[in-house]
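Quick one: the structure is below, questions incoming.
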Amino acid sequence: MAKGITKRSVDYSKWYIDIVSKAELAEHSPVKGCMVIKPNGYALWENIQAQLDKMFKETGHVNAYFPMFIPESFLKKEAQHVEGFAPECAVVTHGGGKKLEEPLVVRPTSETIIWSTYRNWIQSYRDLPILINQWANVVRWEMRTRLFLRTTEFLWQEGHTAHATFDEAEEETWKILRVYQRFAEDYMAIPVFIGKKSEQEKFAGALHTYCIEAMMQDHKALQAGTSHHLGQNFAKAFDVTFQNEEGQLEYVWASSWGVSTRLIGALIMTHSDDNGLIIPPRLAPIKAVFIPIWKEDAQIDQLRSHVAKLTADWKGKIDFKIDDRDQYRPGYKFNEWEQKGVPLRIEIGPRDLENNQVVLVRRDTGEKIVVSQDGLLQRVESLLEDIQSTLFERARAYREEYTFTEDDLDRFVHKCNDPGGFFWVHWCGAVECEDQFQEKARASIRIIPFKGHEESGKCIICGKASQQRVLVARAY
RNA sequence: CGGGGCGUAGCGCAGCCCGGUUAGCGCGCCUGCUUUGGGAGCAGGAGGUCGUGAGUUCGAAUCUCACCGCCCCGACCA
C-alpha cells in the first residue's frame with residue numbers, strides 16, 4: 001500500500017528520506033548539505049515556532065534579531081568557544097567585489113555578536129535581567145548531513161539571557177529546560193529524558209549544559225534541545241560588567257538555549273510508520289481532511305454544499321481541508337494524506353448522506369469509526385486529543401521497552417548492538433571510562449541525571465565506586 | 001577524511017561489457033472519453049546539452065583520461 005516508501009525494517013535511513021520526500025517536507029538544494037524546506041515542512045515549523053514563541057513570552061522573554069555576519073575576531077575571544085566552532089565556520093572574505101579587511105564569519109551561533117552588544121546595554125543591576133530570544137538561521141559546515149537532523153544551514157531559536165547572579169542564570173537555564181520538556185511531551189508527543197551533559201558533551205564555552213534527549217524508532221538517541229549555563233565566560237571575553245547594589249563592578253552571568261528544525265526530524269522518527277508521516281494533532285497544519293466520494297457528477301455539488309454546511313462553524317476552531325479534486329480517486333487521496341501525516345480523515349459519500357453519518361479514520365491506528373454528523377466538530381476535537389495522547393503513550397511505551405538498567409559490561413556492549421536502546425549504567429566520572437563507551441559500543445553518555453537520583457554502585461567500565469547511573473546510548 | 005554507490009526526460013531506471021539509423025521503458029505531466037467507498041482504464045500527445053572537459057575514431061550515452069557534483073555507510077557535531 002505504501003508505494004515508494006522503504007519499510008523501516010528494510011532500511012531505516014532510506015525510510016527516513018522517503019518520508020521526508022513523500023510528505024513533501026523538504027528536498028536537497030544544489031549546495032551540499034543544504035535543504036529547501038517545502039510548504040508542508042515549513043508549515044510544521046511555523047506551528048512549532050508559534051507554540052514555543054508563546055511559551056517563551058509567557059516566561060518573560062522578548063524577541064530581537066542580531067545580524068548573521070560576525071567579525072572573525074569575535075569568535076576568537078572565548079577560548080573554548082573558538083576551539084569548538086572554528087572548524088565548522090563558513091567565512092566570507094569578499095564583499096562588493098573587494099577583499100574584506102576582516103573576514104566575516106557566518107554565525108554558527110550568536111553568543112559572540114550578542115555579548116559584544118550586551119556590553120553596551122548593561123551598566124547597572126537595574127539593566128538586568130535581559131531575556132532575549134531570536135529566531136534565525138545558522139550555518140555549521142558539517143562533514144555529514146541529513147535532512148532536518150543535521151544540515152549545513154538550519155533554522156532555530158536561540159535564547160540569550162543576562163543575569164546578576166549565578167543562581168538567576170541557573171534558574172533560567174533550568175526553567176527553559178522545563179519549557180523544552182513540556183513542549184516536546186505535550187505538543188510533539190515525544191517523551192524525553194532530561195539531564196546534564198558530561199564535560200565532553202557540553203557546549204563549548206558553557207559551565208554546564210542541560211538537554212532533552214529522545215529515543216528514535218531505531219533505538220538511537222536524539223538530542224532535541226539544549227540549555228546552557230554560560231557562567232561569566234562570555235561576559236569576561238567581551239568585558240561585560242555591571243554595578244551591583246553595593247556599587248561594585250561584577251561580570252554578568254549568562255545562559256543560552258536553543259531548539260532547531262532538527263525537531264522535525266525527531267517528530268518523524270518518533271511517530272511515523274511505513275505508510276508515511278504521522279503528525280501529532282496539536283502541531284498538524286491540517287488536522288483533518290474531508291474526502292468527498294461521489295459516483296455521478298450531480299453528487300459533487302450536493303456533497304460540496306453539504307460539507308460546507310457541516311463545517312460552517314469550524315473556521316477558527318480547527319484547521320481542516322476539503323479535498324474535492326476530481327482528477328484523483330478516493331483511494332489515491334487516502335494514501336496521499338496518510339503519507340503527509342494528517343491525523344484524521346473524514347470520508348463522506350452518498351451512503352453517508354443517506355444515513356446522516358461520516359466515516360472517521362485515525363492516522364495513528366488506522367481505525368475506522370462511523371459517527372453521526374450531529375455534533376461532528378466535538379467528536380473530531382475529542383478524537384484529535386485522543387490521537388495526541390495515544391501517540392505520546394505509544395512513544396513512551398516504546399522507549400520503556402528499550403530502556404535498560406545494566407551492570408554487566410559484556411551484556412551492555414552486546415545489547416547496544418542488538419537490540420540497541422538506552423542504558424542506565426554506573427559511571428565513575430572519569431573521562432577515560434567515558435571514552436570507553438565510544439570505544440566498546442560506539443555509544444556516549446546522553447545525560448547525567450539531576451540530584452535526587454543518586455545510587456551507589458560500581459562503574460561498569462573500571463569497577464571503581466560510582467555515585468549514580470548515567471544514560472548511555474548510540475546517538476544521532 | 002576513509003569505504004560504497006550513482007550521474008541518460010520532472011522522478012525512478014534500462015541501454016554501456018561487445019561504438020553504428022530517429023536513445024528507450026515505467027511513473028508523472030497535457031488532451032479527450034469512460035470512471036470514483038483503499039494508489040482507475042483506454043486512446044492520443046508533449047518532454048533529452050546522455051554531469052563537465054579533453055582525447056581515440058569515419059562515427060561516442062557506449063572506449064580512455066581528467067574534473068565536478070550528489071547520495072549512502074563510518075570517524076566529528078544541534
Side-chain angles (χ1 to χ4, degrees), chain A residues 1-6 11-18 21-22 27-35 83-89 108-109 137-158 180 197 200-204 209 211-214 221-228 256-266 275-276 291-297 299-300 303 323-339 345-354 357-359 361 366 368 370 438-439 442 444 474-476:
Chain A
M1 194 190 288
K3 223 183 249 179
I5 297 178
T6 307
D11 185 338
Y12 194 80
S13 303
K14 187 77 186 350
W15 167 81
Y16 177 82
I17 294 164
D18 288 346
S21 153
K22 291 289 173 181
E27 61 187 47
H28 291 284
S29 86
V31 176
K32 179 181 164 64
C34 293
M35 65 174 166
E83 208 179 305
F85 283 104
E88 55 191 65
C89 284
T109 178
N137 59 339
V138 286
V139 168
R140 296 181 189 176
W141 219 259
E142 302 288 352
M143 295 194 251
R144 185 153 135 54
T145 57
R146 301 186 66 182
L147 291 169
F148 290 113
L149 294 175
R150 187 176 299 103
T151 45
T152 299
E153 179 194 21
F154 57 93
L155 305 183
W156 76 345
Q157 57 70 215
E158 45 180 328
Y180 286 162
K197 282 294 180 196
Q200 281 193 72
E201 299 274 334
K202 77 175 185 187
F203 177 72
T209 291
C211 68
I212 56 173
E213 204 78 26
L222 184 76
Q223 180 174 305
T226 49
S227 183
H228 317 288
S256 73
W257 29 272
V259 297
S260 70
T261 37
R262 172 179 256 200
L263 286 176
I264 293 174
N275 293 328
I291 315 263
I293 297 156
W294 58 82
K295 291 213 192 302
E296 310 147 22
D297 285 357
Q299 292 170 329
I300 303 175
L303 277 162
D323 185 357
D324 59 356
R325 295 173 296 174
D326 68 355
Q327 68 268 40
Y328 297 112
R329 296 161 86 240
Y332 180 92
K333 297 179 185 176
F334 296 168
N335 284 289
E336 179 177 337
W337 293 109
E338 272 171 19
Q339 287 185 339
R345 179 171 79 236
I346 306 172
E347 300 174 19
I348 182 163
R351 276 209 300 274
D352 305 304
L353 285 186
E354 265 177 48
Q357 65 182 33
V358 296
V359 179
V361 184
K368 290 193 180 189
V370 180
Q438 186 68 44
E439 286 277 323
R442 285 195 291 127
S444 56
R474 287 191 184 156
Y476 276 96

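Chain letters run A, B, ... following the sequence lines, proteins first, then strands; residues in each count from 1.
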Q: With heavy atoms under 4.0 Å as the rule, sort A/K197 into base, sugar-phosphate or nothing.
A: nothing
Q: Mind checking A/P350 for me? I need base, sugar-phosphate or nothing, with any heavy atom below 4.0 Å counting as a touch.
A: base
Q. Which whole number of Å gives the distance between the C1' atom of B/C13 and that of B/C50?
A. 13 Å
Q: For RNA chain B, produce a single dot-bracket line, 5' to 3'. Pairs: Watson-Crick or G-U wobble, both distances under 3.5 Å. Symbols: ( ) within strand, [ ] crossing, | other strand, . unpaired.
A: ((((((((.[[[[.)....(...]]]].((((((.....)))))).....[[[[[..)....]]]]])))))))....
Q. Going 5' to 3' along nucleotides 70-78 of chain B, which nucleotides have protein heavy atoms under 4.0 Å from the base (write B), which only from the sugar-phosphate (write S), and which from neither (write -)?
A. SSSSBBBBB
Q) What residues form a salt bridge (Lys or Arg N to Asp or Glu O under 4.0 Å) with A/E88, not counting sequence neighbours? A) none
(Q) Between B/U52 and B/U62, how far apart are the two P atoms, rounded to whole Å? (A) 11 Å
Q. Base, sugar-phosphate, or nothing for A/V259, non-hydrogen atoms under 4.0 angstrom?
A. nothing
Q) Do any side-chain nitrogens or oxygens of A/R329 fall under 4.0 Å of OP1 or OP2 in B/A40? A) yes
Q: Give every residue pair that meets the side chain to side chain donor-acceptor pair (under 3.5 Å) criterion with at least one member in residues 141-153 of chain A, sequence neighbours excluded.
A: A/N137-A/E153
Q: State whether the distance check finds a donor on one side and an acceptor on the other, under 3.5 Å, for side chain A/Q339 versus base B/G39.
A: yes
Q) So what does A/R325 touch, heavy atoms closer than 4.0 Å: a base, only the sugar-phosphate, or nothing? A) nothing
Q) Taking only residues two or more places apart in sequence, or in another chain, which ones meet A/D323 in a salt bridge (Lys or Arg N to Asp or Glu O under 4.0 Å)? A) A/R325, A/K333
Q) Taking only residues two or more places apart in sequence, or in another chain, which ones meet A/D324 in a salt bridge (Lys or Arg N to Asp or Glu O under 4.0 Å)? A) A/R304
